[in-house]
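Quick notes on the structure that follows.
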Amino acid sequence: MIQKWWHDKVAYQIYPKSFSDSNGDGIGDIPGIISKLDYLHELGVDILWLSPCYCSPLADEGYDISDYYNIDPRFGTMEDMEQLISEAKKRGMYILMDLVVNHCSDEHEWFQNACKDPDGKYGNFFYLRDKKENELPTNWRSYFGGPVWEDLPGTNKQYLHVFHKKQPDLNWENPALREEVYKNINWWLEKGISGFRIDAIINIKKALPFRNYEPDREDGLSSIDNMLNEATGIGAFLGEMRDRTFQKYDAFTVGEVFHEKPEEIVDFIGENGYFSSMFDFHEAVCGGSEKGWFDARRITPEEYKKCCFEAQAKIGTIGFLSNIIENHDEPRGVSRYIPEGECSVKSKKMLAALNFMLRGIPFIYQGQELGMENMPFTSISEVDDISTLNEYQTALDAGLSQEDALAAVSLYSRDNARTPMQWSDAPNAAFTTGTPWLKVNPNYTAINAAAQVNDPDSVWSFYKQLIALRKNPDYKQTIVYGTLEPVWEEQKNLMAYYRKGDKTLLVIGNYQLQAQTVLLNASYKKVLLNNENSLKQQDNLLYLSGYQVVILEL
């Protein structure tokens, strides 16, 4: 494998609206991010991915972009962004922007021009169809509920939106549209950013010609997944984008990829892949239901282990996954992957180590390094996220009471990850001096950065140790490039695997409250990391207490 500059890096996702507010308006901003660069540098992260801070009406919290070349005034100015890029470079850090090009905002000038002249140049930037009485062009259901078709204002046509109605899909079949996308990508790379996280990219290729699919809910609509499973030929678009943009700048790119076929993995993230890496979502989709969140079930420790190992086996040494516990679209990982009622500093550290030591690029989401937890919502009025509001209505339509519907969606709500970053026990967790745009989790008085940074036993300090171990010259080659081999897979609620390279490391996590024993095949040289003060053993028999995790050099 040709070694790349990003292989040994650790990434950190920032959700700008909720990270740090510098001016007291209740919304996080770019100057706030700049003020926290030393905190991030001290933790040891290298790559900072910023969720969208472009101009946007925020119908989907910035994933509906009205101007790809400007910073939304809520978040600062282009000068602030340039300063962030500069200050990050001084600290040896890299900035990734979010690339959102499956759709734009209905307030983007392209769409406004399409409304004025649907048969002109910009009408072909979108998927437009003639409107028919009491009949939609297709029966696809959007990700946020309801049909994917909406009336094009002032015309007798309808436009396609697989997400929110304020997010019209861009027509990638049109070469003129693709040229505009590539021009924008190169403009940002010239400005000094180091790459992109690529949003919802699998959706850019539709199955043509459009057709209906078998309805799968009482609304008479069909999941958008049915169309995507039939779509072929996305590689032509992605290969062209790589060649025209990323490759020229040696940029790091990580794709949000679903529906990829096993034989396509080498095309996506192989030696000359469309992207540098792609996220592993096996764990995130486990337990889901076509009916909605209300019908989903909690993932078990055994399932979590199985999902991780399946993803690792599928990729092998073809390329690098980007491994996550949570992101801006998911609930807090410790509230999702640790059984209910068993969240503790110790179990949070175990989850961190098991995820972080997998082969691939570790991504930390803001607050994950503190062990931030899900928000205890008391009313649906506290929810901002459009996806959660849609799922709440779906639960009510299925017959759940308001109380049960709220409980069902609370576990999976995207707002769990979007509550403000917990910096200290000061009012509003020191996120803002004003009124925060989204309520702060009330546990901020106990879980916050100020309390953890100087505590050697904190979750934050454990993450710092994990990062330092990954960068340690003695172990870096093995952790970054070594193979991953599961071991003792049949032992219930035990997740263990070897990382083998020029050294052999063994990661063992006891994924339950009850103690377990493990018989090692060979003695170990050294304990590299342990979330307990000691490791009990007799000869090669290890006694692991509840939620103990150890990393051993054999």
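All values reported here derive from a predicted model rather than from experimental measurement.
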Charged N to carboxylate O under 4.0 angstrom, [X] versus [Y]?
X: Arg414; Y: Glu330; result: no
X: Lys464; Y: Glu369; result: no
X: Asp329; Y: Arg418; result: yes
X: Asp415; Y: Lys439; result: no
X: Glu326; Y: Arg336; result: no

Partners passing ring pair (Phe, Tyr, Trp, His ring centres under 6.0 Å) against [X] (at least two apart in sequence or in another chain):
X: Tyr543; result: none
X: Tyr249; result: none
X: Tyr12; result: none
X: Tyr337; result: Tyr304

**Q.** Whether Trp5 and Phe252 hold their rings parallel, tilted or perpendicular, with breakpoints at 30° and 60°
**A.**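 Rings of Trp5 and Phe252: perpendicular, over 60°.
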My understanding is that only residues two or more places apart in sequence, or in another chain, count here; which of them pass salt bridge (Lys or Arg N to Asp or Glu O under 4.0 Å) with [X]?
X: Arg74; value: Asp72
X: Asp98; value: Arg197
X: Asp243; value: none
X: Glu373; value: Lys348

Q. Which residues pass the side chain to side chain donor-acceptor pair (under 3.5 Å) test with Asp38, sequence neighbours left out?
A.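 Applying side chain to side chain donor-acceptor pair (under 3.5 Å) to Asp38 gives Arg91.
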**Q.** Pairing residues for Glu310 by the side chain to side chain donor-acceptor pair (under 3.5 Å) criterion, not counting sequence neighbours
**A.**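 Expected list: none.
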Q.
Walk me through whether Glu302 and Lys492 qualify under salt bridge (charged side-chain N to carboxylate O under 4.0 Å, His left out).
A. CA-CA 7 Å; Glu302 280 295 288; Lys492 191 178 178 189; over 6 Å; no
**Q.** Pairs involving residues 419-428, ordered by first then second residue, that meet side chain to side chain donor-acceptor pair (under 3.5 Å) (sequence neighbours left out)
**A.**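 Those involving residues 419-428 are Gln422-Asn443.
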I'd like a table of donor-acceptor pairs (distance under 3.5 Å, sequence neighbours excluded) in which one partner is a side-chain atom from residues 27-37, with atom names and distances.
unit_1: Asp29; atom_1: OD1; unit_2: Ser22; atom_2: N; d: 3.2
unit_1: Asp29; atom_1: OD1; unit_2: Ser22; atom_2: OG; d: 3.0
unit_1: Asp29; atom_1: OD1; unit_2: Gly32; atom_2: N; d: 2.8
unit_1: Asp29; atom_1: OD2; unit_2: Ser22; atom_2: N; d: 3.1
unit_1: Asp29; atom_1: OD2; unit_2: Ser22; atom_2: OG; d: 3.0
unit_1: Ser35; atom_1: OG; unit_2: Gly32; atom_2: O; d: 2.6

